[in-house]
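The analysis underlying the following values was restricted to heavy atoms, covering all of them including side chains, and did not include hydrogens, waters or symmetry mates. In the text below, chain A, chain B and the rest are named by the order of the sequence lines, each starting its count at 1.
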Amino acid sequence: MNDFYEKVYRLVAKIPRGKVCTYGDIATFLGTKGSARTVGYAMNHAQSSTFYVPAHRVVNRNGLLTGKHHFESPTMMQELLESEGIKVIQDQIQDFEKVRWIPKLKIK
DNA sequence: CCGATGACTTCTC
DNA sequence: GGAGAAGCCATCG
């Protein structure tokens, strides 16, 4: 597994239940080795990976569920978020700043 | 190696 | 404030 994917997977896996994170924050956390686009690209491959990645906790900067169409069903992402206590209206997370979680510790 | 693609972000108009 | 363009970086053919 490449370092980039592994870092993304581990970081997303560390997102607490009921919290979400943005592509840009992940990209910034990982450094220059990845941009927000490449983070999304890694997420795309996360489904094919045996490593479970809660991709539904990763959204774009506006708190919009841009990646929901990549799930099994377009509504599954919203269902998962709501099941964790996150309110989603029209593919947008409510109180986004409150449920937003930003990584602080460095990944090994 | 090079061009095309993408679950993004930011700037301009 | 909505639409278009550019910048961004890893992956694929």
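In this structure, A:Val39 and A:Tyr23 approach most closely via the heavy-atom pair CG1-CD2, 3.7 Å. Residues A:Ala27 and A:Ser35 share a closest heavy-atom pair of CB-C, 3.4 Å. Listed here is the closest heavy atom pair of A:Ile93 and A:Ile86: CG2-CG2, 3.6 Å. A pairwise comparison of heavy atoms in A:His56 and A:Phe71 identifies N-CZ, 3.6 Å as the closest pair.
Remark: C1' of B:dA7 and CG of A:Asn62 are 14 Å apart, rounded to the nearest angstrom. Residue A:Arg61 contributes atom CZ, which lies 11 Å from atom P of B:dC11 at whole-angstrom precision. If you measure from atom NE2 of A:His70 to atom C1' of B:dA7, you get 5 Å, rounded to the nearest angstrom. Counting to the nearest Å, the C1' atom of B:dA7 and the CG atom of A:Leu81 are 14 Å from each other.
Within 4.0 Å of A:Asn60, counting heavy atoms only, lie sugar-phosphate atoms of the nucleic acid but no base atom. Nucleic acid contact for A:Ala55: base, since at least one base atom lies under 4.0 Å from a heavy atom of the residue.
Within a heavy-atom distance below 4.0 Å of DNA chain C, no residue of residues 85-95 of chain A is found.
In this structure a side-chain-to-backbone donor-acceptor pair under 3.5 Å is missing from A:Ser49 to A:Ala46. A:Lys14 places no side-chain N or O within 3.5 Å of a backbone atom of A:Tyr9 that could act as its donor or acceptor partner. Remark: side-chain polar atoms of A:Gln78 are paired, donor with acceptor, to backbone N or O of A:Val88 under 3.5 angstrom.
Of the residues A:Lys104, A:Arg57, A:Arg100, the one that meets the salt bridge (charged side-chain N to carboxylate O under 4.0 Å, His left out) test with A:Asp25 is A:Arg100.
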Base-contact (B) and sugar-phosphate-only (S) positions in nucleotides 6-13 of chain C, heavy-atom cut-off under 4.0 Å, - elsewhere: -BBBSSS-
